[in-house]
Structures are given as C-alpha cells and as structure tokens.
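Structure first, then comments.
The sequence lines fix the lettering, A, B, ..., with proteins before strands; numbering per chain opens at 1. Worth knowing before you read on, the calculation uses all heavy atoms, side chains too, and leaves out hydrogens, waters and symmetry mates.
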Protein chains: 2
Amino acid sequence: MPSETSFGWQDARDEALRRIRARDWPPGELIPNEADLAAEWGCARATVNRALRDLAEAGLLERRRKGGTRVVLTPLRKATLEIPVIRQEVVARGATHGYALIDRAPGPGPAEVCRRMGLAAGTGLLRVRALHLSDGAPHVYEDRWLNPAAVPAVLDLDLARVDANSWLVQNVAFTRGDLALGAVAADAAIADALRCAPGSAVFAMERITWTADQAITLVTQHYAPGYRMKTSF
Amino acid sequence: MPSETSFGWQDARDEALRRIRARDWPPGELIPNEADLAAEWGCARATVNRALRDLAEAGLLERRRKGGTRVVLTPLRKATLEIPVIRQEVVARGATHGYALIDRAPGPGPAEVCRRMGLAAGTGLLRVRALHLSDGAPHVYEDRWLNPAAVPAVLDLDLARVDANSWLVQNVAFTRGDLALGAVAADAAIADALRCAPGSAVFAMERITWTADQAITLVTQHYAPGYRMKTSF
DNA sequence: GTGCTTATTATGTATAGACATATTATCCGA
DNA sequence: TCGGATAATATGTCTATACATAATAAGCAC
C-alpha cells in the first residue's frame, strides 16, 4: 500500500476512528459525506468508502443511503471466535491429540433433538459419543447426533478410528450453523468421560450445522473443568 | 447493485463459493488468478478482487501476493458474538432491566489482578460488585476491577444508580479487549447474588478492555444458571 | 551448488467517472 | 391536509487503468 505517497484507505479509517474516539464526531451524530471527506483528505471517494465501510462492519458506524453515515450510539463490540476443530486445536497447542469412541448407536432420534434439527419426530439418526484427549488427559466429551439423510456416508464411517468432527469438516460442505454456549453440571456420563466429579461445572458448546435447510449434525461438546475459550476484540 | 444488468461482486462470491463447495476448486488447490476469472465472468478485476477478499476474510480462501489464491484445507469457521451490554440485552428481549450495587471498594488490587491488567502489584483500583436483574430475577452478577488511572471519573461515579457496564460503553473509548469464556462453580458470593445453590454451574465471561496499552477494567460476569449465549455462523 | 541480483507475477490498492438504488425531502393536486 | 408523484442526495457498486508490493522464479557470478 502506498504509505508515504498517498492517503490510503487504512489512513482514512484510522483518521475516522480517531475522530470518533476523540468525540470529534460525537455518538449519534452524522459525519460529513464521502465526497466531502475525500476532498478534505485528498483521496478518491472509493477510498473513503472502503474506510467507512470497514468501520461500519466493525459496528462503529451506521450507514444508510441518502441518510448518510452516523456514529453508532453505543458501540456494540463484536468478538469473533473461531470454532475449533478439536484435533487441530490440540495439535496447534503442541499437545498430542487422542480420541476414543465411547458409543455409536443408530436409531430414532428423541423428539426434542429431531425438532431442533428440523426433522420429523422419530427420524433415524446416528448418535455418537466420543472423547477427545489432550496429552492423554480428557479434554472434550462430545455427544453428537448425525443425520444420515443429509450425509449417508457417516453410516459407513469407522468412527472408532476417525472422529466425526475432523471428518465432517473435511468432507461435508455446510453452509451455516447455530451455536450456543453455556455451563452445565456434569451428569454421570460426562463426569465419567472427563474423569471429574459429578456436578462439576463444565463449559458446553452446542452446535447445529446446516446445508441448505437440512441439518447435518447437532453436537454438544463438553470441555473438561477449568477450560476457558479465549479470543480478542 | 446491478443485479440483472451485470455480474456484481456478490455474484462472483456466490459463484466462487459454489465452486469451492462443489469441490470444483478442491481444498488446498490454487484457483485461477483474478484476471482470468474477471475475463471468464465478464467483469472487472476489482469485482473479482472484492469477492475473493470477502471469502478470504470468511476463512475459506488463502491469498498471497504472487503466490495466488488457494482454497483453505480445513475451513475454520468463525462465529461473531456480540459482546452484550447487559442492560441493552435485557431491554432488547422485552424484559425490564434492574440493577443493584452490591459492593464498592477502592483499594490496592490483588497481585494477580494487577498482573493481568499490566499494572504494578498493589496499584490502587476500584472493585465493584453488582447484580443485573431481568424482570426482577437475578440475571448477571458482575465482579469488576476498575483502573482509576485510566478513567479517573469512575471514582466520582454514583455506581448505585448507573451500572459501570453502560457507563463505560458510552463514556470511554477503548481500543481493544481480551475475552475468556468458561464455566465455574458458584461460590458463596455468586450463589448468594444469583440466588442459586452454591456449586451450581455458572457461565462466566471475563473481559479486559484496553485503551492504548492501559487497562481500563477487568470484569467477570456470571450468568444465572441455565443461560445460553447464542449466535450463528 | 551457493548466494546474489533481477525479472516476473498475482494480489493490493488508488483513481476518476459513471450509473444504480434507497431514502428522504419537496411539491402539487384533490 | 392528506396522499402521491417527483426531485434531490448519500451511499453502493462497476469499470478501466495505473502503480505498489510481496514473493517467487530465473539468471548469473563465483
């Protein structure tokens, strides 16, 4: 990027950011339009556009055609958290990843599970419970429901050798997902798998992934007590 | 956007996405360069550039100057979660927000807290414990350390009337923050505030916010049992 | 071959100009 | 005054062109 030569879009973004922070452009107020800013900063309107678009994506500005651009009243910050593929996450930490299948059971899904997956009650699903280890210690216990109608191949998968998590990521293209985070008290199954006391506070991440309105899988991953998911914003 | 008339950047993105999903462009492989795609799709290179840049930001493509663009091996999905301002979050749900200050205590911060905030051990901080209510029921218990050196005004704030969360968002421009999510067992203070049994599994969000290398606040928010933080990706 | 310099190449960015589109403001008639 | 048509306007996007930059490949001296 021409840093010395010209006023680039990052310079424009930084300057706009500075004005927002300095209350030079107060919260809730309109800021000058792109053409004026471009003239003031000596750059093209497209440059200003990109800068302001970037700040709008970050949640600091609100832009409307004809309405102009205004500073958002209460900047709702957004953090992006990477949805971990357990194996990768463990290996990336320099630890060794272990995996053990606990249970694999085809059969009709419970009403609640089918409902959440947008399926008729009693649809045939594949339930898989498994444990991920990090350096030999229990790390994540996952309880998963797979939809064979969406991914027939899972029925032939050797889930004792490959974990569903890794396999799905590499073999199924999903379009979107819903995610819920929370804390649960470890029940017997969880406590047993993670080798912690029943009732322990466990961090849980539930996901449903979809490919064009068809649910692929619903999974709840329970992390060993003490785990913290970190990110920045 | 000219939807019928010309091939816009969203069209380009969708087509690229289709090819990725269809394994038309297999994982790990190079894709044609921007100029070729522009020629193929009958649009300008800038249009292709914006489309591919968008997919790269989404984590589906990897781009390098001269190296070209390749499909990422294991698409690490990213979810963006909005960092809630409790009051807003409650009100947005249509519930009434309540707030009660539990404790306000200036004094030297514990060594661990100071260390995490990048301050010398024993620095004077302001500790604030408070409870947020949703429709009268305990919702979030927050335990906060404020750095008066960064925000002197907090010492004169009437924290019995305004909650630090809302006040900070509207009055202090921070540049970045670190965030950690986890589950903890409710200790006496938490259980008492949230009116739940001691030892209950509680969802906890810890944040440190910074403004140019100076820590503003370190806060841990404990959500009432059963709370789930939701988002999509 | 090793290490250096020099091309080559794909992406990154800036620009002016043009048109599209959403929204607001204005005007006018009933 | 109300409602609807119309003008005005700020952002959204596309284009063609140009140059910058990073990273690789090629060439070359030793």
Side-chain angles (χ1 to χ4, degrees), chain A residues 1-17 19-20 24-73 75, chain B residues 1-17 19-20 24-73 75:
Chain A
M1 63 205 85
S3 42
E4 316 248 4
T5 58
S6 74
F7 193 82
W9 74 270
Q10 307 211 24
D11 299 316
R13 190 198 47 188
D14 291 349
E15 174 58 15
L17 196 54
R19 295 190 184 187
I20 293 169
D24 214 353
W25 292 340
E29 289 296 296
L30 270 179
I31 73 172
N33 69 38
E34 295 184 349
D36 290 349
L37 287 174
E40 183 188 339
W41 291 336
C43 63
R45 185 168 78 87
T47 304
V48 177
N49 181 281
R50 176 147 184 207
L52 299 187
R53 185 155 37 84
D54 194 67
L55 290 175
E57 268 168 31
L60 288 161
L61 293 175
E62 249 173 3
R63 327 192 68 204
R64 293 172 58 186
R65 284 177 177 179
K66 161 81 181 172
T69 302
R70 59 181 67 242
V71 180
V72 125
L73 229 17
Chain B
M1 64 208 82
S3 41
E4 318 246 6
T5 57
S6 73
F7 192 83
W9 73 271
Q10 309 211 24
D11 300 316
R13 189 197 48 187
D14 292 349
E15 174 58 15
L17 196 53
R19 295 188 183 186
I20 294 169
D24 214 353
W25 291 340
E29 289 296 296
L30 270 179
I31 72 173
N33 68 38
E34 295 184 348
D36 290 349
L37 288 173
E40 182 189 340
W41 291 337
C43 63
R45 184 169 78 88
T47 304
V48 177
N49 181 281
R50 176 147 186 207
L52 299 188
R53 186 155 36 85
D54 194 66
L55 291 175
E57 267 167 33
L60 287 162
L61 293 176
E62 248 174 1
R63 328 193 67 206
R64 291 170 59 186
R65 283 178 175 175
K66 159 81 181 175
T69 301
R70 59 180 68 240
V71 180
V72 121
L73 228 20

* Which whole-number value in Å describes the distance from A:Glu62 CD to C:dA22 C1'? -> 16 Å
* side chain to side chain contact (heavy atoms under 4.5 Å, CB included) against B:Arg50, all qualifying residues, sequence neighbours excluded -> A:Arg53, B:Trp9, B:Arg53
* Asked: Does D:dT11 have OP1 or OP2 sitting under 4.0 Å from an N or O in the side chain of A:Thr69?
  -> yes
* Interatomic distance, B:Arg70 CZ vs C:dT11 C1' [rounded to whole Å] -> 14 Å
* Take the protein atom CG of A:Leu61 and the nucleotide atom P of D:dG12, then report the distance between them rounded to whole Å. => 11 Å
Distance-only check: which donor-acceptor pairs under 3.5 Å involve side-chain atoms of residues 37-48 of chain B, not counting sequence neighbours?
residue	atom	partner	partner atom	Å
B:Glu40	OE2	B:Arg19	NH2	2.6
B:Arg45	NH1	B:Glu34	OE1	2.6

* **side chain to side chain contact (heavy atoms under 4.5 Å, CB included) partners for A:Asp36, two or more places apart** => A:Pro32, A:Asn33
* To do: Could you please spell out the steps behind the side-chain contact (heavy atoms from CB on, under 4.5 Å) verdict for A:Leu55 and A:Thr69?
  => CA-CA 11 Å; A:Leu55 290 175; A:Thr69 302; over 6 Å; no
Sub-3.5 Å pairs of nitrogen or oxygen atoms, protein against nucleotides 23-26 of chain D:
residue	atom	partner	partner atom	Å
D:dT24	OP1	B:Arg64	NH2	2.6

* Structure fact -> In numerical order, the residues of residues 31-42 of chain A whose heavy atoms come under 4.0 Å of DNA chain D are A:Asn33, A:Glu34
* Structure fact -> Sorted by number, residues from residues 45-56 of chain A placing a heavy atom under 4.0 Å from DNA chain C are A:Arg45, A:Ala46, A:Thr47, A:Arg50
* Heavy-atom closest pair, residues B:Leu30 and B:Gly67 -> CD2-O, 3.4 Å
* B:Val71 and B:Leu61: which non-hydrogen atoms are nearest, and at how many Å? -> CA-CD2, 3.8 Å
* Set of salt bridge (Lys or Arg N to Asp or Glu O under 4.0 Å) partners for B:Arg13, sequence neighbours left out -> B:Asp54
* To do: Just jot down the side chain to side chain contact (heavy atoms under 4.5 Å, CB included) partners of A:Glu62, sequence neighbours excluded, or say none.
  => A:Arg70, A:Val72
* Return each pair, listed once, that meets ring-ring contact (aromatic ring centres under 6.0 Å, His included) where at least one residue sits in residues 48-67 of chain B; pairs must be two or more places apart or across chains. => none
* Asked: Has A:Gln10 got a side-chain N or O lying under 4.0 Å from the OP1 or OP2 atom of C:dT13?
  -> yes
